[in-house]
Amino acid sequence: MTQDKGKGFGFGLGKIKELQEAFQKAQQVQAGAQQLQQELEEMNIEGYSDEAKAVTVVMSGNQEPRQVTISPDAMGNSPEALSELVTAAMKDAYAKSTETMREKMETLTSGLNLPGM
């Protein structure tokens, strides 16, 4: 197997520079992801069962349930109705948490030209 002199392993200086830039971007994303993870963990996102806020659910930005608050008015409901209010509040908190996470990830990866993002 012969190798052309001056061509090395087929990598020109341009390819090496591209690899270095890719590694730098990967390091930036990793550092940003760690910071984002911490920010999401510290967030409190509230979800509500209805406009009257009969039930409030608090989740972290990482969708960890933290607290459920049931108003005195909601306590007068049947168990089935109360269950529906709690479920609605959980779904609202989850949707808000998911949207927050998506927005934060878009901000983190914007300008990096990552495939599939």
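- Atom CD of Glu18 and atom CD of Gln20 lie 11.0 Å apart (nearest 0.5 Å).
- Applying the side chain to side chain contact (heavy atoms under 4.5 Å, CB included) test between Met59 and each of Glu64, Gln67, Met90, Met43 identifies Met90 as the sole match.
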Listed pairs under 3.5 Å, donor-acceptor, residues 32-39 side chains, sequence neighbours left out:
from, atom 1, to, atom 2, distance (Å)
Gln35, NE2, Glu39, OE2, 3.2
Gln38, NE2, Glu42, OE2, 2.5

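- Of all heavy-atom pairs spanning Ser49 and Ala89, the tightest one is N-CB, 3.6 Å.
- Note on Tyr48 and Tyr94: separate hydrophobic clusters, where clusters join Ile, Leu, Val, Met, Phe, Trp and Tyr whose side-chain heavy atoms are under 4.5 Å apart, directly or indirectly.
- With values rounded to the nearest 0.5 angstrom, Leu85 atom CG is found 5.5 Å from Asn77 atom CG.
- Residues forming a side chain to side chain donor-acceptor pair (under 3.5 Å) with Lys96 (at least two apart in sequence, or on another chain): Asp92.
- Here the straight-line distance linking atom NZ of Lys53 with atom CD of Glu46 works out to 7.0 Å at 0.5 Å rounding.
- Of all heavy-atom pairs spanning Val86 and Val57, the tightest one is O-CG2, 4.3 Å.
- In this structure, the side chain of Ser83 does not engage the main chain of Pro79 through any donor-acceptor pair within 3.5 Å.
- The side chain to side chain donor-acceptor pair (under 3.5 Å) check on Asn44 picks up Arg66, with sequence neighbours excluded.
- In this structure, Gly61 and Ser97 approach most closely via the heavy-atom pair O-OG, 3.2 Å.
- Within the model, atoms CD1 of Ile45 and CE of Met101 stand 7.5 Å from one another, a figure rounded to the nearest 0.5 Å.
- Side-chain contact between Lys15 and Leu19 is absent, with no heavy atoms from C-beta onward closer than 4.5 Å.
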